[in-house]
Amino acid sequence: QVQLVESGGGLVQPGGSLRLSCAASGSIFSIYDMNWYRQAPGKQRELVAAITSGGMTNYADSVKGRFTISRDNAKKMVYLQMNSLKPEDAAVYYCNADGTAMWKEADFWGQGTQVTVSS
């Protein structure tokens, strides 16, 4: 089992930066692929960034060059560094642990953290 708690959201001005954190519990955190999703009101949830258990990363086109996903397996943490933030980045950001390749029920979500980008 994996339990996830996001933090680090808040209000930031356009062009500013935030670092989101996701704290995980569970002894097998290191073998999960980890993802950040976001959802704005009235919009579909979208995958923002992904990092595999081996450290390979991928990003939505809209955030490439601005966001960086990373993980620290020793600390059971995953991060999303968000730079050059735009108003359209405002959303609730969710951390996801995906171990479904190992076990079909191994898909876990945090409660979300709000990111607001406004002057």
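Looking only at side-chain heavy atoms (C-beta outward), Ser17 and Met82 stay at 4.5 Å or farther from each other. Proximity of Met77 to Ser21: side-chain heavy atoms (C-beta onward) are separated by under 4.5 Å at one or more points.
When all heavy atoms of Ala91 and Ala40 are compared, the closest pair comes out as CB-N, 3.8 Å. Considering every non-hydrogen atom in both Arg38 and Tyr93, the closest pair reads NH1-OH, 2.9 Å. Shown here for Ala50 and Asn35, the closest heavy-atom pair between the two residues is CB-OD1, 3.1 Å. Nearest approach of Thr113 to Gly9, heavy atoms of both residues: OG1-N, 3.2 Å. When all heavy atoms are compared, the tightest approach of Leu4 to Cys95 is CD1-O, 3.5 Å. Ser30 approaches Ser53 most closely through the heavy-atom pair O-CB, 3.3 Å.
Annotation: cation-pi geometry not satisfied between Arg71 and Tyr32 (NZ/CZ under 6.0 angstrom from ring centroid, within 45° of ring axis).
Met34 is not connected to Val5 by any chain of hydrophobic side-chain contacts under 4.5 Å among Ile, Leu, Val, Met, Phe, Trp and Tyr, and they are in different clusters. Under the 4.5 Å side-chain contact rule for hydrophobic residues, Val2 and Ile31 share a cluster.
Within a 6.0 Å sphere centred on CD of Gln3, heavy atoms belonging to other residues, nucleotides or ligands number 12 at most.
The closest donor-acceptor contact from the side chain of Thr68 to the backbone of Gln81 lies at 3.5 Å or more, if one exists at all. Looking only at distances, a side-chain donor or acceptor of Tyr59 sits under 3.5 Å from a matching main-chain atom of Ile69. Remark: side-chain polar atoms of Lys76 are not paired, donor with acceptor, to backbone N or O of Ala23 under 3.5 angstrom.
Taking CD1 of Ile51 as the start and CE of Met56 as the end, the distance is 10.5 Å to the nearest 0.5 Å. Interatomic distance, Gln39 CD to Tyr94 OH, rounded to the nearest 0.5 Å: 6.0 Å. Considering CD of Gln13 and OG1 of Thr116, their distance stands at 13.0 Å, rounded to 0.5 Å. Atom CG in Leu80 sits 6.0 Å away from atom CZ in Phe67 (nearest 0.5 Å).
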*asked:* Working note: Leu20 + Val115, criterion side chain to side chain contact (heavy atoms under 4.5 Å, CB included); need CA distance, chi angles, decisive distance, verdict.
replied: CA-CA 9 Å; Leu20 305 185; Val115 172; 4.0 Å; yes
*Could you walk me through whether Tyr37 and Arg45 pass the side chain to side chain donor-acceptor pair (under 3.5 Å) test, one step at a time?*
CA-CA 7 Å; Tyr37 287 80; Arg45 183 183 66 182; 5.4 Å; no
*Please assess Lys64 against Asp61 for the test salt bridge (Lys or Arg N to Asp or Glu O under 4.0 Å), listing each intermediate value before the final yes or no.*
CA-CA 5 Å; Lys64 284 181 180 177; Asp61 287 343; 3.1 Å; yes
Between side-chain atoms of residues 100-108 and protein atoms elsewhere (two or more places apart, or another chain), which donor-acceptor pairs fall under 3.5 Å?
from	atom 1	to	atom 2	distance (Å)
Thr100	OG1	Asp98	OD1	2.7
Trp103	NE1	Glu105	OE1	2.2
Asp107	OD1	Asn96	ND2	3.0
Asp107	OD2	Trp109	NE1	3.3

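For Val12, the side-chain contact (heavy atoms from CB on, under 4.5 Å) partners at least two apart in sequence or on another chain are Leu18, Leu85, Val117.
Side chains of Tyr79 and Arg19: no donor on one and acceptor on the other come within 3.5 Å.
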